[in-house]
Every structure is written in structure tokens, then in C-alpha cells.
There are 2 protein chains.
Amino acid sequence: MVSGHTYRYPRPALTVDVALFGWAGDALQVLLVQRDKAPFDGSWALPGGFVQVDEDLEAAALRELNEKTHVHDVFLEQLYTFGAPGRDPRDRVVSVAYFALVRPASHPPRADAYTRDAGWFDVADLPELAFDHGEILRVARDRLRGKVRWAPIGFELLPPAFTLGQLQRLYEAILGRPLDKRNFRKKLLSLGLLTDLHRHESGVPHRPSRLYAFDRDRYDAMSADGLVFEL
Amino acid sequence: MVSGHTYRYPRPALTVDVALFGWAGDALQVLLVQRDKAPFDGSWALPGGFVQVDEDLEAAALRELNEKTHVHDVFLEQLYTFGAPGRDPRDRVVSVAYFALVRPASHPPRADAYTRDAGWFDVADLPELAFDHGEILRVARDRLRGKVRWAPIGFELLPPAFTLGQLQRLYEAILGRPLDKRNFRKKLLSLGLLTDLHRHESGVPHRPSRLYAFDRDRYDAMSADGLVFEL
DNA sequence: GCAAAAGTGTTGAAGGTACACCCATGT
DNA sequence: ACATGGGTGTACCTTCAACACTTTTGC
């Protein structure tokens, strides 16, 4: 795979950037890294970097994520490609943005050689971001908001065993509006995609809640038969 | 905007490819070009080409489209970015695919220096396509099928004045299933987005149909108020 | 007058929304 | 005992799906 005579023109550079969302129990968060180089030295940005010449795009996104967090399990999908000529002040850089979700447990961010620091930020209270990463994040939030009603991706943000209350708070945060408790529970249970674990929370200062798990096998079987999730 | 010391690594090449759909009155069509160079010399492919180093991605897509058709009015949006390492046998090429719709009238395709021929093909009866363009087209058709129910993009394929019968046949072709005539008309008229032009077809061997126009201003106003189109 | 598509309402089923009280636990 | 979230059912209304006949034109 050598560049032949066909491609003799100057090429834009190609990067991936990842909008990684997490759920802190009461607020939606995003992972940001603090840049340690010009341009935007000191600014916060989405984790990302250059795509290697023989590397798959999704693999590049996962690699970048791995360099910034200890990821166990991520849901990752392509979001959009940002390529406005002025988006990087130095050079023409086209970025394929990815959208990712992680479960809360133990994803301590760490800085790498190119970043001064890394950390989780509430989406409701973000610093100014480098490049067009504010715009990328807006698109990612729109995608999350739109998609969570059609696909069972909310579960990617919760631990394997969760309560209906946790699930409802998550949906309310993503959708930005309150949901009726009885209707929410009725709807979700009627889908038949939650397994009752017959266990309860403990140590809470109120009636302990039942714990449920999302039944992915059943979802896969049902969606093969043409079901839609639709909350 | 000169490549500095920061970007010293080999870069993937970057192209755009466009899945342009048209409506022939009874069948959905796609514009294809016949390649006149290796690889895939003689194969049919989506129109597309290299992104210039200071060119916006969407501008590149429009330029490529212009070089292959006489486009008056296109609906164009980004579809997905395809970047599997082996998708071009010669070199690493990442392609940002676009999805486009045109009204039928007078878009005669023409070949250019890189193409032997260009023409419209029924989506139901396509040749084998070059590269991964068959896959791109599948994704584009999925997008069209999914989006036509949520956004008023079907009108982009019809002339400014159309009949409800034409509109229904278009929806049936895109969705791939028959729709109930009375329910379809009821639903569309109840949205309040069709202007009755108080004109009728003529020269047809049956009762002439009323002509309607899509009221885009009204749609914009309504969607600013948070309406969803939802057919 | 015949062929072909246009045009038009009603009914039953399903799903969505609104709404208020008792329960189990920790402190 | 009190504070806190967990858990439950009904009634109304809106929306969707199914369904058949008359009208207007060209030939």
C-alpha cells in the first residue's frame, strides 16, 4: 500500500475525536483532556489524535480513548466528520468524531504525553473547548438525546444491576425534562427487556429498590424480528 | 496553512462520494458513473473524488456532483465516513460519503475526464459497484428510509407541484411497503404543510388530481416551535 | 361504456398522559 | 416519628389501522 502516482496532491490531515459520556448518578459527564501544546495550550478538549495510515477509524478512536482512560467496555459509534477549512489554525485537519458511552465504575482518566490533565466534567457546566470541540459536543449531545429514545443505549451508562429510579433519572437528564414515574415504569416493564434480579439495594435511607438488568439477548432476538425500542 | 513539524506522519488520502437519488415517477434511482481508470476500470461507482486541501467537505461533494450532473437544486447531507484500511486496493483512502436528493427535471448526467459514462439506475436493479460503494449505497438507502418518516425530505424528489398520488407512490417505494390511501391523505393533509394550488393535472386518462405544493416556510415556522413531522 | 386513478368517513383497538396514595427503610 | 424515594391502577383522550364505494376524465 504505497502512495502511487495517482495521489500526488497535498492531503488534509485526518484525526479522530471522541465525545465520551459517563453518568455520575445525578449528572451527565464528559471526559475532557487539557492540552499541553499549542495551539490552545492549556485549553480543555475532547480526547483524540491522528489516524495512523493503516489504522481503521474506529480502532483509532478506541486507541485514543485507551490512552486517556482505562476503558473496560465502551459503546462506540461514529458521530459526524468535521472538516471546515479553518477548524485547526495551523493546518487543514479533518476530524472523524466518535460518540461513546461508558459505565461509571473505575474509568479513572489519566493524562498522557500530549495532555496536562484529564477529567470528567458535568455537561451542564463546561469550560470553553479548543478547536470546534464545543460544536462537536453539541452534536454528540443531540445524538444522545435523539437516540436514547429509539435504541437501548441508556443501559450503557448504568452498572449491570440498576434500579428503575436510576434509569428514570438518567433518562430525565438526557432528555432534559421530567418523566412521569408510573408511566415510565409501566412502559419499560412492558417492553419485557428488563430481568428482575430479585435483589434489592441496601443501605439506603428509604425503601430499597428492586434491581434489574437489561436483557441484551432478548433485545437482539426481538430486534431481529423487527421490534422497535421506542420509549 | 503549511504543514509544520507537528504532522510529519504519512496521511490517509481523503475523498468524498455522493449517493444521489432521483425519482423517475415510478422507481427510485441512483446516479452512477462508469470508471475509466484502474482500479475497477469499467465498473460502475458513486460519483466522487479527492478533497482539495483547502476545500470544505460539503463543497467538495457539491463540486463532484457538478462535474457529473447539471445540478440545480440538491438536498445534501453528510452520511457516514468509510475508512476500512482495505477499501481501496492501492492506497489508504478514507471517504466521507454524502447523501443527496434531486428533483427529476433536467439533470442529465454527463461523463467527465475520469468517467467513461454516467447514468441513472433503478435501485432495485443495480450492477456490482466498485470499492465499497455497494455498502455505502446500502447505508444511504437505510438513511433515506429512516429519515423520510421524520423529516420532509420526500418533497426534494418531486417537482414543486405534485399530486397526493405521486407522493404516496414515492413513499411506498422508499419504505418498501404499501400505504393505505385514505390514511395517507388524511395524515398528510392534517399536518397543514401542503398548499392546495387549486390546479389540476390535465391530459391524464382518469379523473385529474389536485396539485399541491410543500409549504417550507410553514414547516420551518412549525419546527422552530418544536413540531415533529412524523409520518 | 369502460378503464383508471381520484377522492372521501367511520369504527374499533392501542397507546399515551394525567394523576394520589401507601410502603419500607435509615436516622 | 419523620424524611426519603419505592411502588402501584384507572380514566380519558388521541392516534393508528382497517375497510368500499362514487367521481371524473380519456379513449
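The structure displayed is predicted, hence computed values, not measured ones. Values below: all heavy atoms of this structure, side chains included; hydrogens, waters and symmetry mates excluded.
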Verify the contact: side-chain N or O of B:Ser209 to OP1 or OP2 of C:dG7, cut-off strictly under 4.0 Å; return yes or no.
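Affirmative; the distance criterion is met.
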Can you check whether A:Arg185 has a side-chain N or O nearer than 4.0 Å to OP1 or OP2 of D:dG6?
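For D:dG6, neither OP1 nor OP2 has a side-chain N or O of A:Arg185 closer than 4.0 Å.
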Looking at the side chain of [X], which of [options] is the nearest nucleotide?
{"X": "A:Arg207", "options": "C:dC23, C:dG16, D:dT24", "answer": "C:dC23"}
{"X": "A:Thr163", "options": "D:dA20, D:dG6, D:dC16", "answer": "D:dG6"}
{"X": "B:Pro208", "options": "D:dG5, D:dT24, C:dG7", "answer": "D:dT24"}
{"X": "A:Asn183", "options": "D:dG6, C:dA18, C:dA5", "answer": "C:dA18"}
{"X": "B:Arg182", "options": "C:dT8, C:dA20, D:dT25", "answer": "C:dT8"}
{"X": "A:Lys186", "options": "C:dT17, C:dG9, C:dT25", "answer": "C:dT17"}

Take atom [atom1] of [X] and atom [atom2] of [N], then tell me their distance rounded to the nearest Å.
{"X": "B:Arg210", "N": "D:dT25", "atom1": "CZ", "atom2": "P", "value": "12 Å"}
{"X": "A:Lys187", "N": "D:dT8", "atom1": "NZ", "atom2": "C1'", "value": "19 Å"}
{"X": "A:Lys181", "N": "D:dG6", "atom1": "NZ", "atom2": "P", "value": "6 Å"}
{"X": "A:Leu189", "N": "D:dT8", "atom1": "CG", "atom2": "C1'", "value": "11 Å"}
{"X": "A:Arg169", "N": "D:dT4", "atom1": "CZ", "atom2": "P", "value": "14 Å"}
{"X": "A:Leu179", "N": "D:dG6", "atom1": "CG", "atom2": "P", "value": "14 Å"}
{"X": "A:Arg199", "N": "C:dA24", "atom1": "CZ", "atom2": "P", "value": "20 Å"}
{"X": "A:His200", "N": "C:dC23", "atom1": "NE2", "atom2": "P", "value": "16 Å"}

So among A:Phe155, A:Phe229, A:Phe162, which one has a ring pair (Phe, Tyr, Trp, His ring centres under 6.0 Å) with A:Phe214?
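Of all the options given, the one that passes is A:Phe155.
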Hey, are B:Glu77 and B:Lys147 close enough for a salt bridge, meaning a charged N less than 4.0 Å from a carboxylate O?
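Salt bridge between B:Glu77 and B:Lys147, a charged N being under 4.0 Å from a carboxylate O: yes.
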Any side-chain donor-acceptor pair under 3.5 Å between B:Asp17 and B:Ser95?
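Yes.
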For B:Asp180 and for A:Asp180, find the nucleotide of DNA chain D with the closest heavy atom, then tell me which residue's nucleotide is more 5'.
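Closest to the 5' end, via its nearest nucleotide, is A:Asp180.
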On DNA chain D, check which nucleotide each of B:Glu230 and B:Ser202 is closest to and give me the residue with the more 5' one.
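Its nearest nucleotide lies further toward 5', so the answer is B:Glu230.
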Distance flag, aromatic centroids of B:Trp150 and A:Trp150, threshold under 6.0 Å
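Ring-ring flag for A:Trp150/B:Trp150: true, centres closer than 6.0 Å.
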Please walk me through it: do B:Arg210 and B:Asp196 pass salt bridge (charged side-chain N to carboxylate O under 4.0 Å, His left out)?
CA-CA 7 Å; B:Arg210 298 175 95 80; B:Asp196 183 344; 2.7 Å; yes
